[in-house]
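For clarity, every value in this text was computed on a predicted model and none was experimentally measured.
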Amino acid sequence: MYASFGKVAALVCFLLAATFSSSVSGQLIGIEPIGDPSAPVIIVPGQPFEQFYPNVFDLDHPKKLTFEGVIINDDPNNRPGEVAIWFDWLDIMGGISTSPPVVHTIVPGVPTDLFGPSAPMWIIPYCPPQVSIHIEALGPGFPLAVNGVFIHECLIPEPATVGLGTLGFACFFAALRRRRPVC
């Protein structure tokens, strides 16, 4: 009876650890505003928004880059427009690496929300010393009004998640140890 209780306890601890570690929460490095509702950033073709931010350099943890916000196409001729959003960073060799651009079509006069699954996002396998965001109007409709935030986050597991995972493995090995036959 105790062996099956140990297995159940080990399974519960392991599942809890897996659940919490899959939604790793991390040390927030930066939330950078891009425009605001009363004064959005205006983007026209040939004049992209580019902003660079210093960062904590950490080779041991991944970095998540996200843009969340709203883009409005204010084209006076009522033409749809396209916007490209991408990120880049200083790589460990001193060069610049770039994410692929995410392109969205922006309907005139209709706010395009980029939140949750529709938000441009990229994960770098380490936390570089500098990150940047680029937003470019591709036309034909423009100007584009942008209001949002650039979030760059170093993904570091919380100590409770690490402790719960360790507890799960300890329970699992304790349950295995009890199953050994005694000679």
Side-chain angles (χ1 to χ4, degrees), residues 20-158 161:
F20 287 116
S21 65
S22 67
S23 60
V24 173
S25 176
Q27 173 185 356
L28 197 57
I29 300 299
I31 299 177
E32 316 295 348
I34 298 173
D36 65 51
S38 63
V41 171
I42 304 300
I43 302 173
V44 297
Q47 297 177 0
F49 172 84
E50 300 176 319
Q51 193 65 47
F52 301 85
Y53 302 96
N55 200 31
V56 174
F57 184 55
D58 180 354
L59 289 173
D60 297 327
H61 298 97
K63 180 81 161 177
K64 181 179 176 184
L65 308 173
T66 310
F67 170 76
E68 292 186 342
V70 177
I71 301 176
I72 299 174
N73 179 350
D74 287 331
D75 186 71
N77 299 319
N78 211 27
R79 299 174 296 179
E82 286 191 330
V83 64
I85 302 170
W86 70 95
F87 309 104
D88 59 39
W89 57 94
L90 291 179
D91 63 31
I92 55 178
M93 302 303 288
I96 296 176
S97 294
T98 303
S99 71
V102 175
V103 178
H104 288 277
T105 299
I106 311 298
V107 178
V110 178
T112 300
D113 294 332
L114 299 177
F115 294 97
S118 67
M121 188 269 301
W122 191 256
I123 295 182
I124 305 167
Y126 60 94
C127 291
Q130 180 176 310
V131 295
S132 65
I133 183 169
H134 304 268
I135 305 172
E136 184 173 358
L138 303 176
F142 67 91
L144 302 179
V146 179
N147 172 28
V149 292
F150 172 46
I151 304 164
H152 47 105
E153 178 181 13
C154 195
L155 302 176
I156 301 171
E158 292 181 5
T161 302

Measuring from Leu138:CG to Thr105:OG1, what's the distance to the nearest 0.5 Å? 9.5 Å
Tyr53 side chain vs His152 backbone, donor-acceptor pair below 3.5 Å: no
Atom OG1 in Thr98, atom CH2 in Trp86: separation rounded to 0.5 Å? 8.5 Å
For Pro40 against Pro37, the heavy-atom pair lying closest together: CD-O, 4.0 Å
Which heavy atom of Leu90 sits nearest a heavy atom of Tyr126, and at what distance? O-OH, 3.6 Å
Can Leu65 and Ile133 be said to form a side chain to side chain contact (heavy atoms under 4.5 Å, CB included), step by step? CA-CA 9 Å; Leu65 308 173; Ile133 183 169; over 6 Å; no
May I ask you to check whether Phe87 and Phe150 place their ring centers less than 6.0 Å from one another? yes
Testing the basics here: between Pro143 and Pro76, what is the closest heavy-atom pair and its distance to 0.1 Å? CD-CD, 4.4 Å
CD-CD1 distance between Glu153 and Ile123, expressed to the nearest 0.5 angstrom: 9.5 Å
Evaluation steps, side chain to side chain contact (heavy atoms under 4.5 Å, CB included), between Phe49 and Val146: CA-CA 10 Å; Phe49 172 84; Val146 179; over 6 Å; no
Check against side chain to side chain contact (heavy atoms under 4.5 Å, CB included), Phe52 and His134: CA-CA 9 Å; Phe52 301 85; His134 304 268; 4.0 Å; yes
Are His61 and Leu155 close enough, and set up right, to give a side chain to side chain contact (heavy atoms under 4.5 Å, CB included), and what steps lead you there? CA-CA 6 Å; His61 298 97; Leu155 302 176; 5.6 Å; no
Look up atom CD1 in Ile43 and atom CG in Asn73, then write down how far apart they are to the nearest 0.5 Å. 11.5 Å
Point-to-point distance, once rounded to the nearest 0.5 Å, from CD1 of Ile106 to NE2 of His104: 7.0 Å
Which residue pairs pass the salt bridge (Lys or Arg N to Asp or Glu O under 4.0 Å) test when at least one of the two sits in residues 53-78, sequence neighbours left out? Asp75-Arg79
If we only count heavy atoms from C-beta on, is the Leu114 to Pro120 side-chain gap below 4.5 Å? yes
Please round to the nearest 0.5 Å and tell me the distance separating atom CD1 of Ile85 and atom OG1 of Thr66. 11.5 Å
Provide the closest heavy-atom pair for Ser99 versus Trp89 in the form atom of the first, atom of the second, distance. N-CZ3, 3.7 Å
Heavy-atom side-chain proximity of Cys127 to Pro62 below 4.5 angstrom: no
Would you mind listing every salt bridge (Lys or Arg N to Asp or Glu O under 4.0 Å) that reaches into residues 81-93, with sequence neighbours excluded? none
If you take all heavy atoms of Gly69 and Phe115, which pair is closest and at what distance? O-CE1, 3.5 Å
Could you tell me whether the side chain of Asn55 and the main chain of Val131 form a donor-acceptor pair under 3.5 Å? no
Do you know which of Val83, Val41, Val44 makes side-chain contact (heavy atoms from CB on, under 4.5 Å) with Leu144? Val83
